[in-house]
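Structure, as structure tokens:
Nothing here was measured: the structure is a model prediction, and the numbers come from that model.
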Amino acid sequence: MRDIDEEQLAETLEAACDSALQQDFHGLFTVSRQLKDSAEGADDPLLAVACGLDYHVPFFEDDTDQHPYGPQWLIEGESYPAPPEMVEELVPGTYSTWEKAAALAAVPAVRARLADLLWVVRFGSEPYRYARDAVDAYVEAAFDDFGTEVDRSMAIRRAFAIASELGDQESRRSVITQAVALSEQQLAEGEPPGALMGLLRLLVSLKPDERPEELTELLDDAFSLFGHDAWLRRDLTELAVSVATDPKDLRLQSAQAFLELANDSRGIARLAHLQTVIDIATSHGFNDLASEARRAVESMSDDDLGLHEVAVEFDIPELEIQRIVDSIVGDDDIESALTRLGSHIPTGDREAAQRHVEELQAEHPLQFLVTRIVIGPENAIIERSSGDDTVQSEVVRHQADTARLFGIVAVAAITEIAKRYGPLSDSDWFRGSDLIEPEIADRVQRALEVYEAGDSDTAAHLLAPCTERIIRQIAIAVGVPVTYEPTGSRHGGVNSLGKLLRGLEGLLDERSRCYLQVLLVDPRGLNLRNLVAHGLIGRVGQIEAALLVQSICHLRLMEIANS
């Protein structure tokens with residue numbers, strides 16, 4: 001990096017900042033862009049200054065153990081800017097250039113950023129000097145015209161974080177005083193709430209003996225200004241609770257605000273607001289309010305929710321379907337055909353499903369960033385997910401969709417097996433397993449009779465509990481507890497099917513275990529056992545009933561290995 005005259009550096013910085021102030025968004029990135037435009041060649045020191053202003057700062061006030069400086073972009077292991085602690089190694093002379101620019105910059109936000117970076121990398125023999133300079137410059141920047149109200153809020157919060165790192169109690173107290181002043185200013189000017197909330201969170205997070213006397217009044221003023229918004233009221237309530245002697249009334253008011261918002265809303269928004277009421281009310285003992293909101297949720301119809309059935313048409317490769325059906329039916333005997341039917345894993349390979357969903361995430365990343373809400377029976381919110389949680393949920397849903405498609409094969413295969421070899425209900429094949437008790441085999445045969453007579457719904461209601469009984473027998477055989485003991489005032493009882501399937505991990509073939517979970521108990525999947533046994537489905541269709549027949553065939557093939 002070539003040298004630069006300090007007078008020239010000061011003039012260029014001043015010109016870049018003046019130019020930035022004339023633009024709609026006068027932030028550090030804008031100053032950086034002006035410096036880059038003024039640079040002459042790749043070794044121009046102005047690029048080192050621009051680099052220091054280009055860091056992305058996802059600063060959170062609770063994270064004071066690490067510096068907040070991240071790259072603008074990160075692609076295949078390459079980033080810009082490089083981590084502050086690595087910049088000097090890549091471009092020697094960067095730190096001394098930051099030092100010169102920090103001393104010469106007229107705009108406090110620029111001085112603060114560069115001094116802060118020098119503190120982060122512990123430059124020189126007395127790095128604490130840069131920390132103190134950064135604190136002073138950040139406080140000055142908080143009341144400057146440069147930047148946005150969010151920038152000013154972040155300046156105070158970063159100043160406090162550095163003062164805390166230094167262990168400088170006097171600086172901490174000074175910054176707290178300035179945080180109060182900036183909060184009062186933003187309240188007086190009616191600024192958007194985001195910046196103010198950051199300042200209030202900082203003040204609330206202080207130890208009780210550090211909290212300013214003005215905090216309660218600040219919270220009250222924030223309630224007056226923003227309390228009409230139920231979401232802001234909830235956030236403000238959480239802050240006020242931290243300093244209140246009796247927070248119960250505040251939480252009740254927050255829940256009631258969401259109930260009012262729900263009553264003024266329609267569709268999915270109304271459902272989401274009612275669920276928020278339930279969450280707050282159940283967490284804090286407002287049982288009557290929770291019951292009121294829950295009744296409102298359960299009474300909502302599909303029309304109330306604004307839900308409509310969406311029909312999607314797609315071509316099914318009939319020749320391929322027939323090829324699979326023929327391979328299952330075969331040309332030998334009914335027992336062999338049922339064995340082939342039961343040997344399939346309708347949910348497919350879980351690893352392949354994972355890869356498929358990850359490809360979708362790469363192609364459509366926004367769909368995995370927003371919070372996804374899944375509504376189940378009786379309008380229950382089954383899941384709120386985003387990011388990696390959404391990926392795993394989508395894997396389960398992909399497996400469920402794969403099983404539904406196989407259900408078409410299962411319907412055709414069961415029909416063809418009966419045509420080729422006679423009714424399935426006449427076969428004694430299901431009596432050939434030690435895991436299927438005689439009375440359960442009787443029920444399976446009865447279910448097959450009604451299925452073959454065209455009554456899929458009744459067949460499913462007979463088969464669903466049979467699958468559970470067989471899995472319980474498997475659990476008993478391999479030593480997985482199927483009951484639990486009474487403890488205290490809680491009665492003893494039997495473990496749920498979901499818990500048994502989780503307990504069978506490592507004891508049952510993993511592909512089979514995952515398939516049975518998705519088919520029978522996972523609310524994100526087909527969940528057939530729960531929907532049928534709990535009366536949560538009006539009528540079971542032929543595909544779902546055929547999958548239950550297939551699952552019984554699959555369980556019939558299992559044997560307990562001696563170890």
Side-chain angles (χ1 to χ4, degrees), residues 314 316-317 320-321 324 327-328 339-365 367-369 372 374 376 382-411 413 435 463-464 467-468 470-472 474-475 478 480 495-532 543-544 546-561:
F314 56 92
I316 297 177
E320 179 64 18
I321 295 290
I324 299 173
S327 70
I328 292 172
T339 297
R340 288 188 288 269
L341 176 63
S343 66
H344 280 266
I345 304 289
T347 48
D349 183 358
R350 195 181 193 284
E351 292 183 1
Q354 180 85 26
R355 289 193 298 272
H356 173 74
V357 172
E358 287 173 352
E359 289 171 4
L360 290 177
Q361 183 184 27
E363 294 173 7
H364 310 285
Q367 293 186 18
F368 292 82
L369 293 176
R372 182 175 302 188
V374 179
I382 291 174
E383 176 186 55
R384 293 190 188 95
S385 65
S386 61
D388 291 341
D389 291 337
T390 298
V391 170
Q392 296 311 310
S393 295
E394 280 303 304
V395 169
V396 173
R397 279 188 274 274
H398 180 71
Q399 290 181 291
D401 290 341
T402 302
R404 288 190 184 93
L405 287 174
F406 183 82
I408 298 171
V409 174
V411 169
L435 297 171
L463 288 169
T467 61
E468 177 164 357
I470 297 169
I471 293 169
R472 288 188 178 280
I474 292 172
V478 299
V480 173
N495 287 321
S496 68
L497 181 58
K499 185 171 183 178
L500 295 183
L501 285 168
R502 291 191 296 274
L504 286 168
E505 185 174 1
L507 299 170
L508 191 64
D509 176 79
E510 187 60 14
R511 292 183 66 198
S512 294
R513 192 186 70 84
C514 289
Y515 158 49
L516 294 169
Q517 273 190 320
V518 173
L519 178 76
L520 300 174
V521 298
D522 196 322
R524 302 165 298 178
L526 291 162
N527 199 25
L528 288 180
R529 178 268 177 195
N530 288 342
L531 292 177
V532 171
I543 287 176
E544 289 77 12
L547 285 170
L548 286 171
V549 172
Q550 193 277 339
S551 70
I552 293 287
C553 294
H554 187 72
L555 290 166
R556 162 64 178 80
L557 297 177
M558 294 185 183
E559 297 179 353
I560 303 301

* To do: Would you please name every residue forming a salt bridge (Lys or Arg N to Asp or Glu O under 4.0 Å) with Glu559, sequence neighbours left out?
  => none

* Asked: Checking side-chain contact (heavy atoms from CB on, under 4.5 Å) for the pair Val521/Asn530: CA distance, chi angles, key distance, verdict?
  -> CA-CA 6 Å; Val521 298; Asn530 288 342; 4.0 Å; yes

* How about Glu351: does its CD atom have over 12 heavy atoms from other parts shown lying under 6.0 Å from it? -> no

* Asked: Hey, does Leu500 have a side-chain heavy atom less than 4.5 Å from the side chain of Arg472?
  -> yes

* Would you give the length of the straight line joining atom CZ of Phe406 to atom CG of Leu341, rounded to the nearest 0.5 angstrom? => 6.0 Å

* To do: Could you give me the CA-CA distance, side-chain angles and deciding distance for Ile328 and His344, then say whether side-chain contact (heavy atoms from CB on, under 4.5 Å) is met?
  => CA-CA 9 Å; Ile328 292 172; His344 280 266; 3.7 Å; yes

* Asked: Hey, does Arg350 have a side-chain heavy atom less than 4.5 Å from the side chain of Arg511?
  -> no

* Asked: Tell me, do Glu394 and Leu360 make a side-chain contact under 4.5 Å, heavy atoms counted?
  -> no

* Structure fact -> Exactly one candidate in Ile474, Ile470, Asp509 meets side chain to side chain contact (heavy atoms under 4.5 Å, CB included) with Met558; the answer is Ile474

* Asked: How many angstroms lie between OG in Ser496 and CD in Glu468, if you round to the nearest 0.5 Å?
  -> 8.5 Å

* What heavy-atom pair brings Ala400 and Gly525 nearest, and what distance separates the two atoms? -> CB-CA, 3.9 Å

* Structure fact -> Across all chains, not counting sequence neighbours, the side-chain contact (heavy atoms from CB on, under 4.5 Å) partners of Glu359 are none

* In Å and rounded to the nearest 0.5 Å, what is the CG to CG distance from Leu463 to Leu547? -> 11.5 Å

* Do the side chains of Leu548 and Leu520 get nearer than 4.5 Å, heavy atoms only? -> yes

* How far apart are the C-alpha atoms of Arg513 and Glu510, what are their side-chain angles, what is the distance that settles it, and do they pass the salt bridge (charged side-chain N to carboxylate O under 4.0 Å, His left out) test? -> CA-CA 5 Å; Arg513 192 186 70 84; Glu510 187 60 14; 2.6 Å; yes

* Quick one: are Ser343 and Leu557 in side-chain contact, heavy atoms under 4.5 Å? -> yes

* Does Leu516 reach the side chain of Leu508, with side-chain heavy atoms less than 4.5 Å apart? -> yes

* Could you grab the distance from atom CG of Leu519 to atom OG of Ser551, nearest 0.5 Å is fine? => 5.5 Å

* Asked: Nearest heavy-atom pair of Gln550 and Pro346: which atoms, and what distance?
  -> OE1-CG, 3.4 Å

* Quick one: CD on Gln517 to CG on Leu497, what's the gap to the nearest 0.5 Å? -> 9.0 Å

* **Nearest heavy-atom neighbours spanning Ala353 and His398** => CB-CD2, 3.4 Å

* Asked: Side chains of Ser512 and His554: does their closest heavy-atom pair fall under 4.5 Å?
  -> yes

* Asked: Which of these, Ile345, Val518, Val357, sits in a side chain to side chain contact (heavy atoms under 4.5 Å, CB included) with Gln399?
  -> Val518

* To do: Drop me the distance from Ile552's CD1 to Thr467's OG1, to the nearest 0.5 angstrom.
  => 5.5 Å

* To do: Report yes if some heavy atom in the side chain of Leu504 is under 4.5 Å from a heavy atom in the side chain of Ile471; otherwise report no.
  => yes

